[in-house]
Amino acid sequence: QVQVAESGGKLVQPGDSLRLSCAASGRTSNSFTMGWFRQAPGKEREFVAAVRWGDGHTYVVDTVKGRFTISRDNTKNTVYLQMNSLKSEDTAVYYCAATSRNLIQSSVRRMGEYDYWGQGTQVTVSS
């Protein structure tokens, strides 16, 4: 059974940087995709970024491209979301998700494609 757990969320000021981590346990193959979603108050959960474990291919939503990057550390079974130049509109609960499949562009943004979810970590951007 795969489990994922996020960490790293906190209160930061506009313009700051922050790195979130998501550790996965129970992964048994490279056919695996991990992603980040976020949910702001009063809004639906939305896709942010994802990485395919086997080939390292990444996907980042256009609204944060250039500010956010996703990466993975195979040795630690951990995915990172590096967030730079944070804005107040980035305030949200950030969720890590995973699936034991290699997702593609057309499917990586859909919540229903992910089988395993973390509890979420709060990121608040405020002065």
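Computed from heavy atoms alone, side chains included, the values below leave out hydrogens, waters and symmetry copies. Worth saying up front: this structure is predicted, and the values here are computed from it rather than measured.
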Exercise. Out of Gln105, Arg109, Arg52, which residue meets the side chain to side chain donor-acceptor pair (under 3.5 Å) rule with Tyr59?
Worked result: Arg52
Exercise. Under a 4.5 Å cut-off applied to non-hydrogen side-chain atoms, are Tyr116 and Ser100 in contact?
Worked result: yes
Problem set entry | Mutual orientation of the aromatic rings belonging to Trp117 and Phe37 [parallel < 30°, tilted 30-60°, perpendicular > 60°] | tilted
Problem set entry | Side-chain heavy-atom pair Leu81, Val48 within 4.5 angstrom cut-off | yes
Problem set entry | Ser85 backbone acceptor or donor facing Arg67 side chain under 3.5 Å | yes
Only distances under 3.5 Å count here; give the side-chain donor-acceptor pairs of residues 7-23 to other protein atoms, sequence neighbours excluded, each with its distance to 0.1 Å.
{"residue": "Asp16", "atom": "OD2", "partner": "Gln13", "partner atom": "N", "Å": "3.0"}
{"residue": "Ser17", "atom": "OG", "partner": "Asn84", "partner atom": "OD1", "Å": "2.9"}

Seminar exercise, completed: Between Val108 and Ala50, the two heavy atoms sitting closest are CG2-CB, 3.3 Å
Exercise. Under 3.5 Å, side chain of Glu6 to main-chain N/O of Gln119, donor-acceptor pair present?
Worked result: yes
For this session: Using only heavy-atom distances, determine whether the side chains of Thr91 and Glu89 contain a donor-acceptor pair under 3.5 Å.
Result: no
For this session: Report yes or no: does Thr33 contribute a side-chain atom to a donor-acceptor pair with the main-chain N or O of Arg101 at less than 3.5 Å?
Result: yes
For this session: Take the angle between the ring planes of Phe32 and Trp53 and call it parallel below 30°, perpendicular above 60°, tilted in between.
Result: perpendicular
For this session: Evaluate the side-chain proximity of Thr69 to Tyr80: yes if any heavy-atom separation is below 4.5 Å, no if none is.
Result: no
Problem set entry | Expected output: side-chain Thr63 to main-chain Val61 donor-acceptor under 3.5 Å | no
For this session: List the steps, then state whether side chain to side chain donor-acceptor pair (under 3.5 Å) holds for Thr78 with Asp73.
Result: CA-CA 5 Å; Thr78 298; Asp73 184 330; over 6 Å; no
Exercise. Just wondering, do Val93 and Arg45 contact through their side chains at under 4.5 Å, heavy atoms?
Worked result: no
